[in-house]
J.: 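Okay, handing you the structure first.
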Amino acid sequence: MLAVYAAEPHPDAPLDGLQVGERPEPAVPDGWARVRVRAASLNRHDLWTLRGVGIKPEQFPMILGCDGAGITDDGRNVVLYPIIGTPGFSGDETTDPGRTLLTERYQGTFAEYVTVPTRNLLPLPDSMSFEAAATLGTTYLTAYRMLATRSGLPAGSTILVQGASGGVSTALIQLGRALGMRVWATSRSEEGRDRATGLGAHQAFEQGARLPERVDGVFESVGRATWAHSMRAVRPGGVIVCCGATSGADPSADLQRLFFLQISVIGSTMGTLDELRRLIAFCDAAGVQPVVDRTFPLAQGREALELLEHGTPGKLVLTA
Ligand SMILES: NC(=O)c1ccc[n+]([C@@H]2O[C@H](COP(=O)([O-])OP(=O)(O)OC[C@H]3O[C@@H](n4cnc5c(N)ncnc54)[C@H](OP(=O)(O)O)[C@@H]3O)[C@@H](O)[C@H]2O)c1
């Protein structure tokens with residue numbers, strides 16, 4: 001079958017290890033199901049895999065793609081949950097020490113077929129296209145958990161989303177607005193700020209700008225470039241929820257501000273199967289359609305990954 005895969009790790013030039021070509025169809029163990037992939041989204045994690053981060057050398061070659069949507073052999077339209085847990089583990093999957101994300105141990109979704117445990121399949125609602133649904137399992141699930149579970153913020157809260165053009169930020173703006181929050185966003189570019197208000201942000205600001213007032217919660221995935229601003233932007237007793245650090249992971253903690261203003265800093269990663277189920281139901285009920293900025297056929301996987309590496313707004317999706 002046709003697949004987009006990492007042949008071997010290349011820490012400094014990730015795309016040097018990228019191949020688009022034939023790979024064997026994955027086996028279907030007991031309790032697993034085969035899915036004909038219709039769409040799969042690109043994530044920064046795919047670049048980490050190409051660099052050899054979070055994957056053992058013996059796991060190569062590895063088909064890329066952490067999430068997706070498709071059709072099972074018995075004809076059901078499904079959304080994939082990307083975390084494969086330790087057999088027998090119960091509870092919050094994101095805290096399972098033995099958990100693995102698709103592409104870390106098991107072959108990913110940038111292919112004609114993928115196999116996953118049957119529990120990792122959720123029904124795709126009629127209201128959503130395969131392309132839009134392909135973004136749910138990683139980006140939108142991460143944003144949903146940050147907003148709906150980890151932040152503890154009720155509807156009506158004012159939130160700041162840093163780095164509006166990013167995939168996670170796109171989802172945070174859309175979902176935050178749909179969850180009834182007053183959404184502010186920052187972006188380095190005027191294009192990014194226009195995009196943010198087009199997605200539903202009430203106001204958009206330059207990176208680091210002084211805000212009209214402090215916010216109840218800041219949503220961080222940028223890291224070093226925005227952290228100091230996040231610490232200044234949050235109100236006393238407010239919360240910063242962080243899921244990533246694209247610009248670097250060594251921000252100054254600003255501990256004096258942290259304790260004196262009683263700021264809570266909360267980490268968040270991916271989400272549970274139940275949160276994905278609730279996210280799908282929420283999008284269906286609230287009429288939220290995840291935004292896909294560009295789609296590419298599987299055979300053009302290299303062009304899509306080049307765009308991701310060089311930085312492009314929003315979500316890119318491969319279709320098969
Ligand atoms: N923990 C998890 O489960 C999880 C899940 C998904 C993603 N992540 C992580 O979250 C981060 C964001 O992911 P993403 O897919 O949204 O990435 P992305 O699409 O590449 O977004 C990064 C955004 O950060 C903003 N930015 C601001 N200052 C920057 C700087 N100095 N350098 C680079 N970017 C800067 C940019 O927006 P503007 O141009 O608008 O400023 C850019 O579009 C990544 O680090 C990713 O690994 C974590």
Side-chain angles (χ1 to χ4, degrees), residues 14 41-51 53-54 65-67 81-83 92-96 99-104 134-147 149-150 160-175 184-199 201 204-209 218-230 240-251 266-272 275-276 279 290-294 304-317:
S41 87
L42 277 71
N43 290 288
R44 208 141 273 281
H45 194 276
D46 298 309
L47 295 173
W48 294 123
T49 304
L50 285 159
R51 289 181 193 276
V53 177
C66 304
D67 51 27
Y81 176 60
I83 296 176
D92 181 332
E93 292 91 344
T94 64
T95 63
D96 172 1
R99 73 185 185 280
T100 176
L101 193 65
L102 277 178
T103 73
E104 289 173 350
T135 66
L136 291 175
T138 303
T139 301
Y140 277 72
L141 178 59
T142 301
Y144 183 73
R145 179 177 172 87
M146 291 171 80
L147 288 160
T149 308
R150 300 293 283 160
L160 179 70
V161 178
Q162 298 281 21
S165 310
V168 173
S169 297
T170 298
L172 284 165
I173 292 169
Q174 255 194 305
L175 293 173
W184 292 350
T186 67
S187 175
R188 293 170 296 180
S189 67
E190 192 175 340
E191 189 193 359
R193 294 189 287 277
D194 288 346
R195 190 172 176 281
T197 48
L199 284 167
F205 303 88
E206 287 179 23
Q207 193 178 82
V218 182
F219 290 78
E220 257 291 351
S221 65
V222 179
R224 185 164 41 205
T226 51
W227 188 261
H229 183 239
S230 296
I240 301 176
V241 187
C242 176
C243 78
T246 301
S247 63
D250 59 344
I266 296 177
S268 195
T269 200
M270 295 293 288
T272 65
E275 283 166 333
L276 180 57
L279 166 64
V291 174
V292 174
D293 288 80
R294 284 185 70 177
L305 278 148
E306 279 170 358
L307 265 183
L308 180 74
E309 195 198 17
H310 294 126
T312 186
K315 290 298 292 176
L316 307 175
V317 165

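Counting starts at 1 for both ligands and their atoms, following the listed order.
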J.: side-chain contact (heavy atoms from CB on, under 4.5 Å) between L307 and R294: does it pass, once the steps are laid out?
T.: CA-CA 10 Å; L307 265 183; R294 284 185 70 177; 3.4 Å; yes

J.: Please give me the minimum heavy-atom distance between R195 and G314, naming the atom from each residue.
T.: NH2-CA, 3.2 Å

J.: Report yes if T186 has an N/O atom closer than 3.5 Å to an N/O atom of ligand 1; otherwise report no.
T.: no

J.: Which is it for A225 and ligand 1 at heavy atoms under 4.0 Å: side chain, backbone, both or neither?
T.: side chain

J.: In terms of heavy-atom contacts, does CD of E306 have more than 12 from other residues, nucleotides or ligands at under 6.0 Å?
T.: yes

J.: For S247, take its heavy atoms, then give the atoms of ligand 1 lying under 4.0 Å from any of them.
T.: 30 (C), 31 (N), 32 (N)

J.: For the pair S169 (side chain) and G163 (backbone), establish whether a donor and an acceptor sit closer than 3.5 Å, ignoring hydrogens and angles.
T.: yes

J.: Ignoring angles and geometry beyond distance, decide whether G192 reaches within less than 3.5 Å of ligand 1 through its nitrogen or oxygen atoms.
T.: no

J.: Can you list the atoms of ligand 1 that are under 4.0 Å from a heavy atom of Q207?
T.: 27 (C), 28 (N)

J.: Quick one: nearest non-hydrogen protein atom to atom 17 (O) of ligand 1, plus distance?
T.: R44 NE, 3.6 Å

J.: Is a side-chain N or O of R150 found less than 3.5 angstrom from the main chain of G267, in a donor-acceptor match?
T.: yes

J.: Could you tell me the residue and atom name of the protein heavy atom closest to atom 6 (C) of ligand 1, and the distance to it rounded to 0.1 Å?
T.: V168 CG2, 3.7 Å

J.: So, regarding T246 and ligand 1 (criterion: nitrogen or oxygen to nitrogen or oxygen, under 3.5 Å), is there a contact or not?
T.: yes

J.: Would T312 count as being in polar contact with ligand 1, using the rule that some N or O on each side must be under 3.5 angstrom apart?
T.: no

J.: Which part of P313 is near ligand 1, with near meaning a heavy atom under 4.0 Å away: side chain, backbone, both or neither?
T.: neither

J.: List ligand 1 atoms under 4.0 Å from A164, heavy atoms only on the residue side.
T.: 40 (O)

J.: Can you confirm whether L136 sits close enough to D67 that some side-chain heavy atom of one is under 4.5 Å from a side-chain heavy atom of the other?
T.: no

J.: Any nitrogen or oxygen of T269, side chain or backbone, less than 3.5 Å from one on ligand 1?
T.: yes

J.: Which atoms from ligand 1 have a heavy atom of G244 less than 4.0 Å away?
T.: 9 (C), 10 (O)

J.: So is V222 polar-close to ligand 1, meaning N/O to N/O under 3.5 Å?
T.: no

J.: Students should be able to answer this: which protein heavy-atom is nearest to atom 5 (C) of ligand 1, and at what distance?
T.: T142 OG1, 3.2 Å

J.: With no hydrogens and no angle check, is any side-chain donor or acceptor of E220 less than 3.5 Å from a backbone partner on V222?
T.: yes

J.: Go through the steps for D46 and C66 under the test side-chain contact (heavy atoms from CB on, under 4.5 Å), then give the verdict.
T.: CA-CA 8 Å; D46 298 309; C66 304; 4.1 Å; yes

J.: Not counting sequence neighbours, which residues clear ring pair (Phe, Tyr, Trp, His ring centres under 6.0 Å) with W227? List them please.
T.: none

J.: Less than 4.0 Å is my threshold; does some heavy atom of S268 fall inside it relative to ligand 1?
T.: yes

J.: What residue among L147, L160, T142 forms side chain to side chain contact (heavy atoms under 4.5 Å, CB included) with L172?
T.: L147

J.: Is there a side chain to side chain donor-acceptor pair (under 3.5 Å) between Q207 and T186 once you walk through the steps?
T.: CA-CA 5 Å; Q207 193 178 82; T186 67; 5.6 Å; no

J.: Write out the residue and atom name of the closest protein heavy atom to atom 43 (O) of ligand 1, then the distance separating them to 0.1 Å.
T.: G166 N, 3.3 Å

J.: If you measure every N/O of S187 against every N/O of ligand 1, is any gap under 3.5 Å?
T.: yes

J.: Is C243 close enough to touch ligand 1? Criterion: a residue heavy atom under 4.0 Å from a ligand atom.
T.: yes

J.: Which protein heavy atom lies closest to atom 19 (O) of ligand 1, and at what distance to 0.1 Å?
T.: G167 N, 2.9 Å

J.: In chain order, what residues pass the side chain to side chain contact (heavy atoms under 4.5 Å, CB included) check against E275, with sequence neighbours excluded?
T.: L141, Y144, R145, T149, T272, R278

J.: Under a plain distance cut-off of 3.5 Å, with no hydrogens placed, do T139 and K315 share a side-chain donor-acceptor pair?
T.: yes

J.: Can you tell me which residue and heavy atom of the protein come closest to atom 3 (O) of ligand 1, and the distance to 0.1 Å?
T.: M270 N, 2.7 Å

J.: Distance to 0.1 Å, residue and atom name: give those for the protein heavy atom nearest to atom 35 (C) of ligand 1.
T.: R188 CZ, 3.5 Å

